Amino acid sequence: MGLCKILPFFFFILCCSFHLITSQPFDYPTANLSTTWVNSVSAPHSVDFTDGSRVRAILLRGTFGPRYACGFYCNGDCESYLFAIFIVQTNSASRITSPSIGFPQVVWSANRSKPVKINSTLQLTEGGDLVLRDSDGTLAWSTNTAGKSIAGLNLTDEGNLLLFDSKNATVWQSFDQPTDCLVPGQKLVSGMKLTASVSTTNWTDGGLLSFSATDNGLVAFVESNPPQTYYSSSINGLNASRGSNYVVYLNGSLALLSNSSDSNNPQQLVSVPQASSAQYMKLESDGHLKVYEWQNEWNEVGDILTGFYGECYYPMVCGRYGICSRGQCSCPKSSSNSTTYFRQIDDRQGNLGCSEVTRLTCNALTNHRFLELQDVDYFTFPADIRNTDMNTCKDACLRNCSCKAALFRSGLNSSTGECYLPSEIFSLSNNEKGKTRYDSHAFIKVQVEPETAAAKEKKRVNGAILGSVIGLAILGIIIGIAVFIYWKKRQANEDEEDYLDHVPGMPTRFSYDDLKAATENFNRKLGEGGFGSVFEGCLEDGTKIAVKCLDGIGQVKKSFLAEVETIGSIHHVNLVQLIGFCAEKSHRLLVYEFMSNGSLEKWIYHGKQEQILDWNCRRKIIQDIAKGLAYLHEECRQKILHLDIKPPNILLDENHNAKLSDFGLSKLIDRNQSQVMTTMRGTPGYLAPEWLSGVITEKVDVYSFGIVILEILSGRRHFEASESEDQQVMVHLFRKKAEEGQLVDLIDKHSEDMQFYKEEVIKTMQIAAWCLQSDYTKRPSMSMVVKAMEGVLDVEKDLDYSFKPQPVNGKPNINFSDSTPLLPSVLSGPR
């Protein structure tokens with residue numbers, strides 16, 4: 001063992017003095033601290049292959065045949081290298097051979113999105129960190145294990161690269177950081193995923209396709225927003241007891257095992273071809289999960305995700321907007337006219353997809369039309385609206401700018417069905433008759449050029465019986481009206497700009513060119529919603545900002561004015577600061593302080609394990625929201641009703657301080673007004689019952705705040721479609737658990753810290769119940785909520801947990817918590 005530990009250092013010295021043609025002639029699977037390897041042209045253990053690839057081995061495990069090694073790898077021009085684990089062929093003397101077939105197969109890489117050059121270095125530091133640096137010393141990758149008592153580096157027989165401590169316990173391992181491959185013996189626990197490379201020639205991890213183990217099972221999906229699933233396999237209890245169950249790649253299957261169960265009795269989940277030699281599976285850039293095996297050369301022996309519908313039901317088989325038909329790709333075409341809306345990106349490579357001839361934009365919603373495709377299906381269909389008709393489905397898409405298509409499925413010869421409104425369109429497929437038990441229609445949203453309609457109108461008039469004189473007269477009238485409308489619109493914009501200059505206390509006014517420069521021509525997008533997009537920027541003084549660009553007219557104009565007037569002149573530590581705005585010609589932009597931790601929704605719903613918040617942090621966030629609302633309701637010159645309190649509109653700074661944002665739907669009322677009448681606005685699921693009457697008070701914000709409290713404490717959304725029917729709606733589940741005296745069941749099970757403070761969490765749930773009282777007069781003010789959170793005020797004892805809306809003016813009860821078929825963008829666009 002002592003000999004094995006000094007060998008890597010001994011051969012590092014050799015690499016500085018001469019070049020060895022073949023690899024080290026014996027097994028060298030481990031390395032000690034303070035070892036450095038240089039990726040130099042004269043490095044030992046370097047082998048070139050006839051496919052243009054090259055390996056410079058650092059550690060090698062096993063003798064004779066296909067074996068695991070790790071080191072530097074390149075393919076092609078060899079100007080850039082990966083630090084990788086690869087399978088190579090070795091001879092009886094443990095030398096890596098270079099056959100005409102059987103090229104190196106990379107199964108893991110540390111830096112596929114940041115390759116390094118010749119003379120880059122890999123160092124196992126004295127502090128216990130494995131560090132990869134480029135030739136100029138730039139850090140390319142690190143295990144970040146410094147200070148964790150690392151004793152050495154080891155490559156196992158299974159191809160797992162690991163760092164171990166003095167007790168031989170694993171501190172870090174490559175198996176916990178999968179890239180696009182799995183090897184036999186490798187596990188997938190909930191939250192781990194494989195991410196495909198961009199393409200077969202571009203190995204960076206910016207690919208759209210992923211294969212993941214989740215709490216519910218195995219899922220293959222497109223990394224869109226939201227993700228679109230093209231394969232799923234349900235597994236009960238995958239994440240039970242925080243990871244006691246896991247998926248493992250065995251010979252012949254992907255199987256479910258438990259740390260406490262008999263490893264000889266795995267539960268097979270997915271069948272994999274039995275292996276007689278080296279084998280691995282890889283998530284390809286086209287979404288296929290393929291199995292490769294060494295059989296005198298590397299052969300594909302399995303394609304384990306391809307199901308009943310075959311090749312055409314992969315999301316990237318024909319790229320974006322492409323239509324797959326029996327393996328052939330084409331672009332959507334109109335059957336009613338000769339207009340071309342899509343063209344292939346490359347006529348010779350149909351799989352690259354189709355591009356829009358005229359790009360969709362929210363600036364001209366009236367020019368949106370549908371390209372109807374009959375018997376065209378989609379690889380996934382998570383219905384947004386159920387029990388609806390085709391026209392309602394289409395109308396919902398037209399009202400939502402982020403919707404790119406209305407996809408409708410119904411029973412054979414039925415007019416009622418389900419509607420899916422995706423915000424991104426990937427490959428579609430022709431629905432072959434007889435293979436499905438439903439009818440499918442795809443309505444692809446396209447942009448119609450305004451001049452097309454004008455040209456048709458002009459042609460019709462010129463051909464009219466009234467003759468050229470009347471035609472010219474009508475045309476003159478049309479032009480006059482158009483000029484008048486343009487003048488009025490310009491005058492309205494100028495009036496608005498002049499109005500804003502005279503409103504007291506306004507924030508900084510920026511020019512459009514200033515914000516264009518600050519955002520690098522709007523290049524770094526943070527998000528996109530129904531009224532526009534948000535971009536990251538930086539002012540000349542170094543201040544980081546977030547710039548919201550509002551598109552369109554009408555409601556957007558009202559939203560812009562509401563936002564500027566509402567928070568332009570007020571300041572509070574729990575309100576996102578509006579730094580400035582731009583109102584220049586048709587441009588309407590809002591400039592906010594930059595919130596580095598984004599919106600609350602990405603932190604409270606079950607996601608990445610490292611993003612789970614502890615109890616103290618969640619309590620502080622609830623208090624921050626309450627203080628911000630209390631200031632709006634009780635401390636401003638006029639009461640400010642936010643009217644759209646929800647996690648996406650609550651932002652977190654670098655210290656997880658919460659601040660309210662998005663005042664585009666807010667309403668100002670005088671202090672002597674107890675209530676106000678207004679049109680319904682907000683987001684389904686967060687709407688108080690009194691919205692039925694149109695007469696509201698600040699207590700509608702209190703109700704929405706109560707829903708948000710429950711979401712923060714439970715780690716789930718107010719509506720979860722994946723749950724059983726009796727657990728889908730949060731307030732129904734809350735009522736049930738309150739009646740059973742089991743509120744503890746609602747506490748986020750992903751957080752041990754929350755379980756430890758369960759008594760305090762339950763007290764906070766009681767505050768939420770107080771805020772959710774159906775009779776708004778029985779809800780507390782936000783200042784009372786702040787005191788209750790601080791422990792200086794007791795919660796009302798006699799609380800009603802029925803949460804049923806009271807009849808208003810004879811109108812029927814409607815439970816807004818159940819309003820899931822409605823899209824949030826119908827009332828409150830994604831912000």
Side-chain angles (χ1 to χ4, degrees), residues 112-113 177-182 187-199 204-236 238-239 246-247 249 254 256 269-270 281-291 303-322 324 351 353 377-384 402-405 407 409 418 420-429 442 527-528 601-602 605-609 611 716-717 720-723 830:
R112 59 175 173 157
S113 291
Q177 315 287 330
T179 51
D180 59 356
C181 292
L182 284 178
K187 300 176 183 178
L188 278 180
V189 300
S190 182
M192 285 187 182
K193 68 179 179 179
L194 306 182
T195 302
S197 298
V198 173
S199 68
T204 58
D205 63 358
L208 289 171
L209 302 171
S210 294
F211 178 74
S212 176
T214 70
D215 289 355
N216 298 318
L218 296 176
V219 180
F221 56 94
V222 189
E223 297 266 14
S224 57
N225 185 20
Q228 298 182 26
T229 300
Y230 65 95
Y231 171 87
S232 63
S233 174
S234 297
I235 303 173
N236 294 324
L238 178 60
N239 200 35
Y246 57 86
V247 175
Y249 178 9
L254 281 175
L256 180 67
L269 304 172
V270 179
M281 66 176 63
K282 180 177 182 180
L283 183 65
E284 302 286 3
S285 56
D286 59 5
H288 289 256
L289 185 60
K290 293 186 176 181
V291 181
D303 189 356
I304 64 178
L305 299 187
T306 301
F308 176 74
Y309 292 109
E311 184 72 24
C312 281
Y313 276 71
Y314 278 87
M316 296 302 289
V317 61
C318 287
R320 294 177 185 269
Y321 287 107
C324 178
N351 64 304
D377 208 358
Y378 201 52
F379 63 88
T380 187
F381 204 93
D384 291 309
S402 63
C403 173
K404 295 298 187 294
L407 305 179
R409 283 183 183 177
E418 298 181 339
Y420 175 39
L421 308 174
S423 58
E424 292 185 72
I425 293 293
F426 301 97
S427 295
L428 302 116
S429 69
E528 184 174 355
E601 64 176 342
K602 81 172 187 179
Y605 305 136
H606 298 157
K608 296 182 179 178
Q609 202 71 13
Q611 290 186 338
R716 56 159 280 174
R717 299 178 189 274
E720 290 284 5
S722 61
E723 296 287 348

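Computed from a predicted structure; not experimentally measured. Throughout, numbering of the chain's residues begins at 1 and tracks the sequence. All values below were derived from every heavy atom in this structure, side-chain atoms included, with hydrogens, water molecules and symmetry-related copies excluded.
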- Message: Restricting to salt bridge (charged side-chain N to carboxylate O under 4.0 Å, His left out), what partner residues turn up for Glu720, sequence neighbours left out?
- Response: none
- Message: Any side-chain to backbone donor/acceptor pair from Ser224 onto Pro226? Under 3.5 Å, distance only.
- Response: yes
- Note on the structure: Minimal heavy-atom distance between Gln228 and Glu424, with the atoms involved, is NE2-O, 3.0 Å
- Item | Considering all heavy atoms, the nearest Thr306-Glu311 contact | CG2-N, 4.4 Å
- For Phe221, all residues meeting ring-ring contact (aromatic ring centres under 6.0 Å, His included), sequence neighbours excluded: none
- Message: Donor-acceptor pair, distance only, cut-off 3.5 Å: does the side chain of Ser423 make one with the backbone of Asn225?
- Response: yes
- At their closest point, which heavy atom of Ser190 faces which heavy atom of Thr214, and how far apart are they? OG-C, 3.5 Å
- Task: With side-chain contact (heavy atoms from CB on, under 4.5 Å) as the test, would you mind laying out the steps for Thr195 and Arg112 before giving the verdict?
- Result: CA-CA 11 Å; Thr195 302; Arg112 59 175 173 157; 3.6 Å; yes
- Message: Tell me if the centroids of the rings in Tyr313 and Tyr230 come within less than 6.0 Å of each other.
- Response: no
- Sequence neighbours excluded, the answer for salt bridge (charged side-chain N to carboxylate O under 4.0 Å, His left out) partners of Glu284 is none
- Hey, could you give me the CG/CG distance between Leu188 and Leu182, rounded to the nearest 0.5 Å? 5.0 Å
- Give, for atom OG1 of Thr380 and atom CG of Leu407, the distance between the pair rounded to the nearest 0.5 Å. 10.0 Å
- Query: Going through the checks in order, is the side-chain contact (heavy atoms from CB on, under 4.5 Å) test met by Asp286 and Asn351?
  - Reply: CA-CA 9 Å; Asp286 59 5; Asn351 64 304; over 6 Å; no
- With sequence neighbours excluded, what pairs up with Phe426 under the ring-ring contact (aromatic ring centres under 6.0 Å, His included) test? none
- Closest heavy-atom contact between Tyr249 and Val291? OH-CG1, 4.0 Å
- Item | Shortest non-hydrogen contact from Tyr314 toward Gly287 | CE2-O, 3.4 Å
- Residues in salt bridge (charged side-chain N to carboxylate O under 4.0 Å, His left out) contact with Glu223, at least two apart in sequence or another chain: Lys193
- Please round to the nearest 0.5 Å and tell me the distance separating atom SG of Cys181 and atom CG of Leu289. 9.5 Å
- Query: According to the interplanar angle, ranging from 0 to 90°, do the rings of Tyr420 and Tyr378 count as parallel (below 30°), tilted (30 to 60°) or perpendicular (above 60°)?
  - Reply: tilted
- Task: Drop me the distance from Leu208's CG to Ser285's OG, to the nearest 0.5 angstrom.
- Result: 10.5 Å
- Query: Is any side-chain heavy atom of Val317 closer than 4.5 Å to a side-chain heavy atom of Phe379?
  - Reply: no
- Query: Nearest 0.5 Å, what's the OG-CG distance between Ser427 and Asp377?
  - Reply: 12.5 Å
- Message: Can you tell me if the gamma sulfurs of Cys324 and Cys312 sit closer than 2.5 Å?
- Response: yes
- Mind checking the OG1-CG spacing from Thr179 to Leu194? Nearest 0.5 Å is all I need. 7.5 Å
- Set of residues satisfying salt bridge (charged side-chain N to carboxylate O under 4.0 Å, His left out) with respect to Lys404, sequence neighbours excluded: none
